[in-house]
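Single-structure report; data block below.
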Protein chains: 2
Amino acid sequence: MFIHFICFRGGIVIGARDRNNDKYHRILEASVKVFADHGFHQSTVSQIAREAGVADGTIYLYFKNKEDILVQIFNYKTTQIFERFREVVDSAENPVEKLRNLIRRHLQEFQQDRNLAVVYLAETRQINRVMEDQIKVMSKMYFDLVAEILEQGQQDGHFRKALYLGLVKRHILGSVDEVISTWLHADGEYDLVSMADPLVDLFINGIGT
Amino acid sequence: MFIHFICFRGGIVIGARDRNNDKYHRILEASVKVFADHGFHQSTVSQIAREAGVADGTIYLYFKNKEDILVQIFNYKTTQIFERFREVVDSAENPVEKLRNLIRRHLQEFQQDRNLAVVYLAETRQINRVMEDQIKVMSKMYFDLVAEILEQGQQDGHFRKALYLGLVKRHILGSVDEVISTWLHADGEYDLVSMADPLVDLFINGIGT
DNA sequence: AAATAAAATGAATGTTCATTCATTTTATTT
DNA sequence: AAATAAAATGAATGAACATTCATTTTATTT
């Protein structure tokens, strides 16, 4: 765990205080933009450096290598986003509203940071990557949050008992991700967050009569 | 449309008869495997050639360039798969069964050809690519098929009228894709097709009581 | 204000790989 | 069985690019 908060310089480990350095964040944000525009593998370190306004070599003072930038993006952003997910889930008092808040916030986050959405959606669907384990951990966080809501909803009778919870979790996340993906492909021409209520309606009531 | 059925040799266009050549298909299948194992951008033409048992240069007798291989994979495979989707949808007599058949077949196809599933899921989530338009066309085929089922179901009272169809289509496809994705990440250790019925249940009845 | 340390630079390096094409092999025609 | 055409080969080419590191710039300490 701690390894994520350590970076290297000339083979010497330097501490987390550098995390406060704005150059680290400048590079992170620049990378999100460049990765979103060109995809991870077509992005060059020089492009990132130019976008961040630093020299190519400077990148390697803050990141082990190109892939480490992606790892750091996921770590940093996911941590932040999940804190906000937690907040809105906890602020609702019944499971239906918890689910609605979660999904609304989920859409909000990605509408707010379109580049992150592009990177996130593209990279979470890659198999056989060094990232894979990290992605699993992050998915699990989301799934656990949904599971918590679902179980609570089953107990207090909002949701029916005969549910294959493992499947319901995938069903919800997949549905939301696809809605985000379509929005991205449409160049964000409409309000993504407005999809939240109709989506929750589908989750809860289905399409049947 | 026709452009997809033409390939080049030394700058001279040769006809579709070469499509019957087994080398074309050998290269296609080899590419699916290599792309699945390493991802498109990390795959080298030499790897594909080795896997297909041909020389590097031979690839360029059948494909314009590396990306063209990916385009051809999508064209060829998608056409085939959609024919079978059409079949199973038409063979059912009511909308609920049509939907169930579609989803079951969808899962079947990808369970049968795991490598294709890997390539398909990874590449459909890429934005800003030459592929993008082609992917839109393919998604549209799927969406149109689902729309047809949904509208029919609304007319004969199986599905409720107050549905945002555009959203329902994304909801269904996204859910199915995520289920496939999870199965892939789990190394295909369980039967994917068995998810079909529980999924359809979720689509139709939702999770509410 | 020297001296030392830390941070940043960007040109140079070495590797990787898509693509080409001169040559060889195989198939078809005369 | 020549002659011609088509298909296939794989070594060579050259461009792209991640990473390194000798040097310079900036900050801190004595």
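So that the names make sense, note that chain A is the first sequence line, chain B the second, and so on, each numbered from 1. All values reported here derive from a predicted model rather than from experimental measurement.
Classification of A/Lys77 and A/Asp113 as a salt-bridged pair holds, one side-chain N sitting under 4.0 Å from a carboxylate O. The pair A/Glu123-A/Arg129 meets the salt-bridge criterion, with a side-chain N (NZ, NE, NH1 or NH2) lying under 4.0 Å from an Asp/Glu carboxylate O.
The interatomic distance linking B/Ile27 (CD1) with D/dA7 (P) rounds to 13 Å, in whole Å. Distance, B/Ile48 CD1 to D/dG10 C1': 16 Å, rounded to whole Å. If you measure from atom CZ of A/Arg50 to atom P of C/dT9, you get 14 Å, rounded to the nearest angstrom. Note: CG (A/Leu61) to C1' (C/dG10) measures 12 Å, nearest angstrom. Per the geometry, CD1 belonging to A/Ile59 stands 14 Å off C1' belonging to C/dA7, to the nearest Å. One can place NE2 of A/His38 at 10 Å from P of D/dC17, the figure rounded to the nearest angstrom. For the pair B/Phe63 CZ and C/dA18 C1', the computed distance is 15 Å after rounding to whole Å. The CG-C1' distance, from B/Asp22 to D/dA8, rounds to 13 Å in whole Å.
When all heavy atoms of B/Gly153 and B/Pro95 are compared, the pair lying nearest together is CA-CG, 3.5 Å.
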- Could you walk me through whether B/Ser175 and A/His171 pass the side chain to side chain donor-acceptor pair (under 3.5 Å) test, one step at a time? CA-CA 5 Å; B/Ser175 186; A/His171 167 73; 2.8 Å; yes

- In 5'-to-3' order, the base (B), backbone-only (S) or no-contact (-) status of each nucleotide in nucleotides 18-24 of chain D, using a 4.0 angstrom heavy-atom cut-off, is SBB----

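The shortest distance between the side-chain N/O atoms of B/Lys23 and the OP1/OP2 oxygens of D/dA8 is below 4.0 Å. Checking the phosphate oxygens (OP1, OP2) of C/dA7, no side-chain nitrogen or oxygen of A/Tyr62 falls inside 4.0 Å.
Judged as a salt bridge (charged side-chain N to carboxylate O under 4.0 Å, His left out), and not counting sequence neighbours, A/Lys136 has no contacts. Residues satisfying the salt bridge (charged side-chain N to carboxylate O under 4.0 Å, His left out) criterion with A/Arg84, sequence neighbours excluded, are A/Glu109.
A salt bridge (Lys or Arg N to Asp or Glu O under 4.0 Å) check over residues 195-206 of chain B, counting only residues at least two apart or in different chains, returns the pairs A/Arg160-B/Asp201, B/Arg100-B/Asp197, B/Arg104-B/Asp197. Here salt bridge (Lys or Arg N to Asp or Glu O under 4.0 Å) pairs that include residues 169-183 of chain A, with residues two or more places apart or in two chains, are A/Glu178-B/Arg125.
When distances are taken from the side chain of A/Ala55 to each of D/dT9, C/dA8, C/dG10, the shortest belongs to C/dG10.
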- Task: State the dot-bracket string of DNA chain C. Criteria: Watson-Crick or G-U wobble, both atom distances under 3.5 angstrom; notation: ( ) intrastrand, [ ] crossing earlier pairs, | interstrand, . unpaired.
- Result: ||||||||||||||||||||||||||||||

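Checked by atom type and distance alone, the side chain of A/Lys33 never pairs as donor or acceptor with a backbone atom of A/Leu116 at under 3.5 Å.
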